[in-house]
Every structure is written in C-alpha cells, then in structure tokens.
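Written below as structure tokens is the structure these notes are about.
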Amino acid sequence: MMKPFGETARDAQAKASELAEKTAENARATAEAAKARIQEGYGRARAATSDLAHRTRAASSELAAKGREQADAAREAAGHAYEKGKAQATRANGKLKDIAKDQPLTLLAGAAAIGALLGSLLPKGRKSD
C-alpha cells in the first residue's frame with residue numbers, strides 16, 4: 001500500500017534535513033581541516049622567514065666584523081710602513097749630511113754625474129737647417 005502524501009513529504013523533508021545537516025557537518029570539517037593546513041603552512045613560513053632573517057643578521061655581523069679586522073690590519077700595516085719609511089729617510093738624510101760635511105767634492109761630483117745622466121736621457125731638440 002502506498003504511503004499517504006503527508007507522510008511521504010515528512011520522510012522527504014526528514015531526509016533532506018538529514019542530508020543538509022551532514023553536508024553542513026562535512027563543510028565544517030573541511031573548513032576546519034583547511035584552516036589547520038593554512039595555519040600550519042603559515043607557521044612553517046613564519047619559522048623559515050625568522051630563520052632566514054636570523055642567518056642574514058648573523059652573516060651581516062660576521063662580514064662587518066671581518067671588514068673591521070681587515071681595516072684595522074691595513075691601518076696597522078700602513079702605520080708600520082710609514083714609520084719604516086720615515087726611519088729610512090732620516091738615516092739617508094743623516095748619511096747625506098755626513099758626506100756633504102766630510103767629502104763635499106765627492107757629493108758635488110756625484111750630483112754633476114747624475115745631472116749629466118739625466119741630461120743625456122732627455123730628447124734632443126731639432127736642429128735648424
């Protein structure tokens with residue numbers, strides 16, 4: 001026998017309501033799972049970004065420290081070279097003064113020889129015909 005129309009409609013309504021409830025439940029579960037995956041991905045991205053920033057800061061600090069060390073070493077080497085050059089110039093000046101005092105003619109002959117050598121190295125001028 002056939003069910004009365006009202007009962008069939010109630011059954012259909014109950015099934016539709018049940019189906020709607022299951023669909024809503026599935027949608028909530030899917031949304032929660034998606035939210036969890038998004039939060040997990042965000043957490044991983046944030047951790048990776050933080051790690052990268054930390055490594056970049058550490059590398060920058062290390063490079064700056066090495067740069068300072070190299071600048072200090074260069075400054076120190078330049079200071080030593082300056083002092084060494086200054087000492088050599090002082091010694092050479094002292095020797096030149098001694099030679100000028102003890103052997104002035106030798107110094108004059110040496111200066112004349114250097115002048116002649118430099119004069120011979122200069123290009124000759126054109127001769128007029």
Side-chain angles (χ1 to χ4, degrees):
M1 173 174 197
M2 242 178 154
K3 288 186 181 178
F5 181 72
E7 191 177 320
T8 304
R10 278 192 300 275
D11 286 347
Q13 184 180 12
K15 285 186 180 188
S17 179
E18 183 181 329
L19 182 60
E21 191 175 312
K22 284 182 180 180
T23 301
E25 188 178 310
N26 285 339
R28 279 192 296 277
T30 301
E32 288 295 322
K35 180 180 175 184
R37 283 194 303 272
I38 289 170
Q39 287 175 338
E40 182 182 324
Y42 174 75
R44 282 195 310 258
R46 187 171 178 193
T49 303
S50 175
D51 183 52
L52 180 60
H54 174 73
R55 286 187 287 157
T56 301
R57 280 192 300 274
S60 296
S61 295
E62 187 176 322
L63 285 175
K66 284 182 181 180
R68 283 190 297 275
E69 286 175 15
Q70 290 176 349
D72 290 344
R75 199 175 302 113
E76 187 176 329
H80 287 306
Y82 173 77
E83 291 300 324
K84 186 177 178 180
K86 187 176 169 184
Q88 287 176 345
T90 301
R91 281 194 304 272
N93 189 29
K95 287 181 184 179
L96 187 59
K97 283 181 182 179
D98 289 344
I99 291 172
K101 187 172 123 183
D102 296 340
Q103 303 172 3
L105 292 177
T106 306
L107 182 62
L108 185 59
I114 290 173
L117 175 65
L118 290 174
S120 71
L121 295 174
L122 293 174
K124 305 285 188 243
R126 289 190 180 178
K127 291 185 181 179
S128 307
D129 288 331

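Every heavy atom of this structure was used, including side-chain atoms; hydrogens, water molecules and symmetry mates were not.
- The CD atom of E18 lies 11.0 Å from the CG atom of D11; values are rounded to the nearest 0.5 Å.
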For residues 85-96, please give each side-chain donor-acceptor pair under 3.5 Å, one per line with the distance, not counting sequence neighbours.
residue	atom	partner	partner atom	Å
T90	OG1	K86	O	2.8

Taking distance alone, no hydrogens or angles, what donor-acceptor pairs closer than 3.5 Å link side-chain atoms of residues 50-60 to residues at least two apart or in another chain?
residue	atom	partner	partner atom	Å
D51	OD2	R55	NE	3.2
D51	OD2	R55	NH2	3.4
T56	OG1	L52	O	2.8
S60	OG	T56	O	3.0

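- With rounding to the nearest 0.5 angstrom, the CD atom of Q13 is 12.5 Å from the OG1 atom of T8.
- Annotation: salt bridge (Lys or Arg N to Asp or Glu O under 4.0 Å) contacts of K84 (sequence neighbours excluded): none.
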Could you pull out every donor-acceptor pair under 3.5 Å between side chains of residues 72-81 and any protein atom, sequence neighbours left out?
residue	atom	partner	partner atom	Å
D72	OD1	R75	NH1	2.7

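- With sequence neighbours left out, the salt bridge (Lys or Arg N to Asp or Glu O under 4.0 Å) criterion links K101 to no other residue.
- Applying the side chain to side chain donor-acceptor pair (under 3.5 Å) test to residues at least two apart or on different chains, none of the pairs has a partner in residues 25-36.
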